[in-house]
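This report refers to the structure that appears directly beneath it.
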2 protein chains.
Amino acid sequence: MFAALGDETRLSLLALIGQGSGLSITRLTRGRGVTRQSITKHLGCLADAGLVRRVRRGRETCFVLRPESLEEARRSLERISRQWDEALERLRAMVEEDDGPSRAG
Amino acid sequence: MFAALGDETRLSLLALIGQGSGLSITRLTRGRGVTRQSITKHLGCLADAGLVRRVRRGRETCFVLRPESLEEARRSLERISRQWDEALERLRAMVEEDDGPSRAG
DNA sequence: ATTTCATGCAACGTTCTGGTTGCACGACGG
DNA sequence: CCGTCGTGCAACCAGAACGTTGCATGAAAT
């Protein structure tokens with residue numbers, strides 16, 4: 001999922017979808033200087049990561065955001081930050097004694 | 001930066017660094033089934049993305065987390081979610097009238 | 001029915017990425 | 001000093017990712 005977010009095109013695509021929910025592929029392709037197929041692939045990638053959802057509307061395929069996934073990503077990041085905090089606190093505790101981190105792993 | 005997070009190895013590396021700050025490259029390589037050089041590259045990638053910082057300690061190079069960057073990533077995600085919320089509200093406003101989103105773009 | 005529009009699929013080429021090997025260098029311990 | 005440990009750098013390879021072209025299909029407009 002972070003891999004899906006890790007591409008410039010996909011990230012901007014995601015932002016665009018977030019702004020105007022329900023945009024078609026052709027619409028999403030405008031002004032990017034790449035072909036529609038390329039965008040289609042990126043969109044597939046985003047959908048595959050669960051970040052967007054495909055909605056068929058007549059002859060066009062529209063995409064809508066799935067905020068739940070974004071939330072999930074944020075939580076992952078938060079978890080890592082939190083580990084950092086805990087590590088810091090543990091470190092501080094160790095410094096109190098003068099033994100050192102012999103069994104740190 | 002999301003690209004840096006988008007790799008399984010790097011993500012776990014980041015988590016490990018978060019747990020035991022100040023781990024050396026060789027230490028970080030243990031039990032991964034890949035060579036030290038590979039890990040070195042990943043670490044360079046993380047450092048390049050500003051997610052970790054290199055700290056030279058004698059003959060070994062240790063890595064420490066930079067929580068600020070994680071925070072920044074979380075904010076990006078939050079911004080996109082937020083856009084979604086706003087879009088939703090705008091959409092609702094349109095439905096109130098009975099015209100529909102004809103000039104959505 | 002025909003034309004046009006929006007897509008989907010598959011094959012292909014090029015560029016990145018992740019991983020490996022081999023070698024050189026600086027730091028630590030005896 | 002000498003041997004060992006932990007790194008850094010460069011060359012190289014295989015597989016994945018990005019992007020393109022060409023063609024086929026279903027829906028909307030005329």
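The chains referred to below are lettered A, B, ... by the order of the sequence lines, with proteins before strands, and numbering in each begins at 1. No hydrogens, no waters, no symmetry mates; every other heavy atom, side chains included, goes into these values.
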| message | I'd like to know if B:R36 reaches the base of D:dG8 with its side chain, counting only an N/O donor and acceptor under 3.5 Å. | response | yes
| query | In whole Å, what is the span from the CD atom of A:E8 to the C1' atom of C:dC16? | reply | 16 Å
| Hey, is the side chain of B:T61 poking within less than 4.0 Å of OP1 or OP2 on D:dG6, counting only N and O atoms? | no
| request: Evaluate the side-chain contact (heavy atoms from CB on, under 4.5 Å) criterion for residues B:L77 and A:L77: first the C-alpha distance (whole Å), next the side-chain angles of each, then the deciding distance (0.1 Å), finally the verdict. | output: CA-CA 10 Å; B:L77 259 26; A:L77 259 27; 4.0 Å; yes
| Are A:R32 and A:S38 close enough, and set up right, to give a side-chain hydrogen bond (donor to acceptor under 3.5 Å, both in side chains), and what steps lead you there? | CA-CA 10 Å; A:R32 286 185 184 278; A:S38 176; over 6 Å; no
| query | Which sits closer to the 5' end of DNA chain D, B:R59 or B:K41, going by the nucleotide each is nearest to? | reply | B:R59
| Spacing of B:L46 atom CG relative to C:dG18 atom C1', expressed in whole Å | 14 Å
| request: Could you tell me whether the phosphate oxygens of D:dA17, OP1 or OP2, come under 4.0 Å of any side-chain nitrogen or oxygen in A:H42? | output: no
| query | For A:R10 and D:dA16, what is the distance between atoms CZ and C1' respectively, to the nearest whole Å? | reply | 12 Å
| said: Test side-chain contact (heavy atoms from CB on, under 4.5 Å) on B:M1 and B:S76; report intermediate values, then the result. | reply: CA-CA 11 Å; B:M1 160 148 125; B:S76 294; 6.0 Å; no
| Any side-chain N or O of B:T35 less than 4.0 Å from the OP1 or OP2 oxygen of C:dG19? | no
| said: Counting only heavy atoms not in B:E8 (residues, nucleotides, ligands), do more than 12 fall under 6.0 Å from its CD? | reply: no
| Between A:R57 and A:I39, who's closer to the 5' end of DNA chain D by nearest nucleotide? | A:I39
| said: Applying salt bridge (Lys or Arg N to Asp or Glu O under 4.0 Å) to A:E72 and A:R75, what does each step give before you reach the verdict? | reply: CA-CA 5 Å; A:E72 197 180 318; A:R75 250 176 286 175; over 6 Å; no
| query | Hey, does B:R54 reach any base, or is it just sugar-phosphate, or nothing, if we go heavy atoms under 4.0 Å? | reply | sugar-phosphate
| request: Measure the distance from CG on A:L43 to C1' on C:dA6 and round it to the nearest whole Å. | output: 13 Å
| remark: In whole angstroms, the gap separating P of C:dT17 from CG of B:D48 amounts to 11 Å
| task | Would you kindly give the CG-to-P distance between A:D7 and C:dT15, to the nearest whole Å? | result | 17 Å
| query | Side chain of B:Q37, base of C:dG18: donor and acceptor closer than 3.5 Å? | reply | no
| query | Does B:R56 place a side-chain N or O at less than 4.0 Å from the phosphate oxygens OP1/OP2 of D:dG8? | reply | yes
| Euclidean distance, atom CZ of residue B:R27 to atom P of D:dT7 [Å, nearest integer] | 12 Å
